[in-house]
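Take a look at the structure below.
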Amino acid sequence: MRILVVEDDPVLANGLKIGLGLAGATVDLAETCADARAALETTAYDAVVLDVMLPDGSGLSVLKAMRSGKDRTPVLLLTALDEVSDRIAGLDTGADDYLGKPFDLDELAARVRAVARRGTGRAEPCLSAGGIVLDPSQLAATVGGTPVNLSRREFAVLSALMERPGTIRSKSEIEDRLYGWQEEVESNAIEVHIHNLRAKVGRDAIETVRGLGYRMRPSA
């Protein structure tokens, strides 16, 4: 899951990047409304954590522009403004959820997972396909009921494929889920992750579609 965090407090922003990263997410940071708009124009995100009070304006203007432009990316507002009227304004502008400061990081991570899950039209908290089950809340995987140890990036690759079994995901799509702006991507990184996953979840679970990418076999 790739998340954009728009927060101008560097200490809080870095804390969110580390905390959400430990929860399995790839996190990009933006400090201003302008930075957020630029990021949203160039990168597809699974969710946005958006502060309302930013140095160059209100985060609600970013949200309004997203919804006016038919951008349905789930948005969780994060702000010190926690009056009922503020929550109503945020939700009526198009936010999917609202969390006031101070907050618990585990709760924030759970809320981000929830809005991202709803954004894909999925109600179930776990992903499943062909006897493989992933629990994003615990970063846990089982194959036929037996626990399997996956690295954070292996988990992210498998999640990207299992969100839409049978749908081809290109190498670049998967890379975008795994690596943030300033992270260097080795040319064969995805191939290595796929190789390792096949060894752990079954060599027939993930199909290579030559020239296009990879897809999860629904009944692997």
Side-chain angles (χ1 to χ4, degrees), residues 1-5 16-29 39 42-49 73-74 109-110 112-122 124-220:
M1 180 166 56
R2 190 163 181 179
I3 300 170
L4 176 64
V5 171
L16 288 171
K17 184 178 179 71
I18 293 170
L20 291 172
L22 291 173
T26 298
V27 180
D28 293 329
L29 298 178
T42 58
T43 307
Y45 291 99
D46 297 290
V48 177
V49 177
T73 305
V112 169
R113 286 193 297 270
V115 297
R117 183 169 67 243
R118 292 197 296 270
T120 65
R122 180 170 56 88
E124 301 80 8
C126 293
L127 294 163
S128 61
I132 303 168
V133 178
L134 298 184
D135 182 354
S137 69
Q138 303 295 323
L139 295 183
T142 60
V143 179
T146 301
V148 176
N149 185 34
L150 302 180
S151 70
R152 185 178 72 84
R153 283 185 169 155
E154 288 169 354
F155 192 95
V157 171
L158 194 55
S159 294
L161 295 172
M162 288 180 63
E163 283 172 1
R164 289 183 289 173
T167 299
I168 299 171
R169 304 299 292 266
S170 70
K171 179 179 175 180
S172 61
E173 278 184 279
I174 299 172
E175 286 176 342
D176 285 345
R177 291 285 295 269
L178 265 65
Y179 300 98
W181 293 330
Q182 298 177 349
E183 294 182 276
E184 185 176 350
V185 185
E186 295 184 11
S187 60
N188 67 336
I190 301 304
E191 289 85 351
V192 170
H193 291 314
I194 294 292
H195 173 79
N196 292 338
L197 281 169
R198 284 174 171 151
K200 294 179 178 181
V201 304
R203 62 179 302 174
D204 295 328
I206 302 171
E207 179 185 7
T208 299
V209 182
R210 191 173 299 277
L212 296 176
Y214 304 92
R215 64 184 168 196
M216 197 78 189
R217 296 181 187 271
S219 57

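Keep in mind that this is a model prediction, so the values were computed, not measured.
- For the pair R169 and A160, the tightest heavy-atom approach, listed with the atom from each and the gap, is NH1-O, 2.8 Å.
- Between L134 and P136, the shortest heavy-atom contact is O-CD, 3.4 Å.
- Annotation: the span from H195 atom NE2 to N188 atom CG amounts to 11.5 Å, rounded to 0.5 Å.
- Checking side-chain atoms of R2 against main-chain N and O of Y179 turns up a donor-acceptor pair under 3.5 Å.
- Using a 4.5 Å cut-off on side-chain heavy atoms (C-beta onward), I174 and H193 make no contact.
- Atom OG of S170 sits about 7.5 Å away from atom CG of D176, to the nearest 0.5 Å.
- Within a 6.0 Å sphere centred on CZ of R203, other residues, nucleotides and ligands contribute 12 heavy atoms or fewer.
- Separating the CD atom in E163 from the CZ atom in R117 is a distance of 11.5 Å, to the nearest 0.5 Å.
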For this session: Please assess V5 against K17 for the test side chain to side chain contact (heavy atoms under 4.5 Å, CB included), listing each intermediate value before the final yes or no.
Result: CA-CA 8 Å; V5 171; K17 184 178 179 71; over 6 Å; no

For this session: Begin with the C-alpha distance, continue with both residues' side-chain angles, and end with the deciding distance and a verdict on side chain to side chain contact (heavy atoms under 4.5 Å, CB included) for R217 and I206.
Result: CA-CA 6 Å; R217 296 181 187 271; I206 302 171; over 6 Å; no

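- Minimum heavy-atom separation, A205 to I132: CB-CD1, 4.0 Å.
- Distance check: L212 CG to K171 NZ gives 14.0 Å after rounding to the nearest 0.5 Å.
- With values rounded to the nearest 0.5 angstrom, L161 atom CG is found 10.0 Å from E173 atom CD.
- When side chains are defined from C-beta on, M162 does not count as touching V201, because their heavy atoms never get closer than 4.5 Å.
- Summarising the geometry of D28 relative to G180, their closest heavy-atom pair is OD1-CA, 3.4 Å, with the distance given to 0.1 Å.
- Within a 6.0 Å sphere centred on CG of N149, heavy atoms belonging to other residues, nucleotides or ligands number 12 at most.
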Exercise. Run the side chain to side chain contact (heavy atoms under 4.5 Å, CB included) check on K200 and L158 step by step: do they pass?
Worked result: CA-CA 11 Å; K200 294 179 178 181; L158 194 55; over 6 Å; no

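- Each of L4, V115, V112 was compared with V48 under the side-chain contact (heavy atoms from CB on, under 4.5 Å) criterion, and only L4 meets it.
- E175 CD to R153 CZ: the interatomic distance, rounded to the nearest 0.5 Å, is 11.0 Å.
- Residues C126 and V133 come closest through the heavy atom pair CB-CG1, 4.1 Å.
- T167 places none of its side-chain heavy atoms less than 4.5 Å from the side chain of R215.
- Pairing each heavy atom of G119 with each of P74, the nearest pair is CA-CG, 3.9 Å.
- The side-chain contact (heavy atoms from CB on, under 4.5 Å) test with M1 is passed by exactly one of V27, D46, L20: D46.
- Counting heavy atoms from C-beta on, the side chains of I3 and L16 never come closer than 4.5 Å.
- In this structure, R152 and T26 have side chains that are in contact, with non-hydrogen atoms separated by less than 4.5 Å.
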Exercise. Is there a side chain to side chain contact (heavy atoms under 4.5 Å, CB included) between Y214 and V157 once you walk through the steps?
Worked result: CA-CA 10 Å; Y214 304 92; V157 171; over 6 Å; no

